[in-house]
Amino acid sequence: VTTGKRDGAAEIQERLGALDKLLEHRVRLAICVLLSRYDRLSFSRLKDLTGETDGSLGAHLRRLEEERYVRVKKEFADRKPVSWYALTAAGRAALTAHLHAMEALIRGADLAG
Amino acid sequence: MTMRKEETGMGQSHKVREDLGYVRDVVGRAEHSGTPRAIWYLWAVVGFIGFALIDFAPQRVGPYWAVAGPIGFLASAWLGARHARHVGQESVREGYAYMLHWGAMGAAIFLLALLPATGDMTSHAMARVVVLILALSYFLAGVHLTPALKWMGLMMTAGYGLLFFLDQYAWTIVGAIVAVGLIAVAHFTAKRPPRVAATPQRT
């Protein structure tokens with residue numbers, strides 16, 4: 001039984017380790033999921049959808065940009081600056097791996113429960 | 001220690017479920033970016049004139065739709081793309097789905113128009129079949145693209161039924177039903193293009 005529990009604990013640790021640290025925050029996860037569904041979203045649209053403040057959303061996007069998960073393109077519309085965000089290939093791969101890890105974690109918890 | 005790790009795993013799983021719930025809400029909100037009102041108004045006008053012509057100038061129906069159909073289609077695509085830019089949510093895949101849906105409807109009507117030319121169908125019968133194609137297309141658009149359009153499909157089916165009972169100005173009445181339905185869709189479901197919000201400048 002002890003060995004079984006140890007195996008189970010090791011498995012959980014393995015699943016937790018497979019989660020992408022950057023995408024563990026739900027706002028960054030939501031941003032990446034949205035960008036995987038749409039070609040590009042503006043800063044103000046992301047703000048509307050996530051309900052975050054300018055500062056908080058900007059910080060999350062900056063982290064995703066630093067890790068090259070998203071890329072930004074600045075344009076002008078009606079003479080106002082608009083930042084458009086899109087998911088990079090690296091971001092898409094990281095999101096897919098993270099979602100698989102989440103799925104495995106939930107499935108494991110369901111089996112254990 | 002082992003138990004604590006398993007409990008941590010269970011807690012993590014609970015957090016993952018909560019996070020997924022949040023992501024689902026956010027994605028659900030993004031699905032309601034809406035269709036610009038201008039598209040529904042455009043087709044209300046184009047459709048009403050096109051149907052009324054059957055009563056008042058039947059010889060001009062073909063040329064009218066040959067010009068108004070493609071122009072309306074291109075104008076709708078342009079308005080849709082402009083709306084997506086204003087909302088701040090662009091998706092080529094979504095735009096492609098709309099173009100395929102309405103383009104397929106246009107192509108079916110165009111091909112149907114060959115039947116009166118070959119003498120296999122009367123122009124009057126063809127016009128009724130066009131109403132049925134429109135009803136089916138709007139209903140399926142309601143199922144797959146914009147939910148409110150299901151009602152448009154049902155209204156057009158009712159309009160098709162009316163054609164059996166009305167003697168005078170039947171097509172004008174059907175055109176008016178279609179126009180009122182599209183204006184109602186525009187009023188209750190569509191969104192005006194929002195003012196472009198600037199991105200806050202980073203320091």
Side-chain angles (χ1 to χ4, degrees), chain A residues 2 4-6 8-13 15-16 19 23-27 29-34 37-51 54-55 57-58 62 72 74-86 99 101-103 105-110 112-113, chain B residues 1-36 80-99 145 191-203:
Chain A
T2 313
K5 276 185 180 174
R6 207 172 293 137
E11 212 175 306
I12 289 167
Q13 284 303 101
R15 284 177 192 146
L16 287 173
L19 291 172
L23 298 179
E24 276 187 26
H25 194 287
R26 64 184 196 168
V27 173
L29 177 63
I31 290 168
C32 286
V33 170
L34 282 169
R37 289 172 66 96
Y38 301 98
D39 295 316
R40 58 182 201 160
L41 291 161
S42 69
F43 183 93
S44 58
R45 182 64 173 162
L46 284 168
K47 189 182 151 198
D48 284 346
L49 294 172
T50 57
D54 285 349
L57 180 63
R62 203 153 39 242
V72 62
K74 294 173 194 297
E75 290 178 5
F76 281 86
D78 298 342
R79 282 183 283 178
K80 292 173 187 166
V82 177
S83 296
W84 288 93
Y85 290 88
L99 292 176
M102 285 175 102
E103 195 185 339
L105 190 68
I106 290 174
R107 207 182 309 122
D110 284 345
Chain B
M1 183 70 180
T2 307
M3 278 301 286
R4 210 173 297 142
K5 276 182 180 172
E6 283 183 352
E7 280 163 12
T8 307
M10 297 286 272
Q12 191 71 17
S13 151
H14 181 69
K15 180 186 171 295
V16 163
R17 280 177 213 271
E18 278 186 356
D19 289 351
L20 285 177
Y22 167 79
V23 171
R24 197 168 35 241
D25 287 347
V26 169
V27 170
R29 264 175 259 154
E31 281 168 7
H32 302 290
S33 63
T35 303
R82 195 183 69 147
H83 178 75
R85 267 195 307 280
H86 275 282
V87 170
Q89 183 172 309
E90 289 187 347
S91 169
V92 171
R93 192 178 52 193
E94 208 172 87
Y96 195 61
Y98 274 87
M99 283 186 70
L145 304 171
K191 291 180 180 174
R192 278 170 205 235
R195 294 170 72 107
V196 177
T199 302
Q201 297 299 298
R202 289 180 191 170
T203 50

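Reminder, nothing fancy here: chain letters follow the sequence lines and each chain counts from 1.
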Pair Ile106(A)-Leu20(B), side-chain contact (heavy atoms from CB on, under 4.5 Å): steps then yes or no = CA-CA 11 Å; Ile106(A) 290 174; Leu20(B) 285 177; 3.7 Å; yes
So do the side chains of Val27(B) and Leu49(A) get within less than 4.5 Å of each other, counting heavy atoms only?
-> no
Could you check if a side-chain atom of Arg37(A) sits within less than 4.5 angstrom of a side-chain atom of Glu94(B), using non-hydrogen atoms only?
-> no
Ignoring hydrogens and geometry, is there a side-chain-to-backbone donor-acceptor pair from Tyr38(A) to Val92(B) under 3.5 Å?
-> no
Quick one: pull up OG1 in Thr50(A) and CZ in Arg29(B) and give me the separation to the nearest 0.5 Å.
-> 8.0 Å
Taking all non-hydrogen atoms of both residues, which atom of Leu34(A) and which atom of Ala30(B) are closest, and how far apart?
-> CD2-CB, 3.6 Å
Write down the atom of Gln89(B), the atom of Trp84(A), and the distance for their closest heavy-atom approach.
-> N-CZ3, 4.0 Å
Taking side chain as C-beta onward, heavy atoms only, is Val27(A) less than 4.5 Å from Tyr22(B)?
-> yes
So which heavy atom on Ser42(A) is nearest to which on Val87(B), and how close?
-> OG-O, 4.2 Å
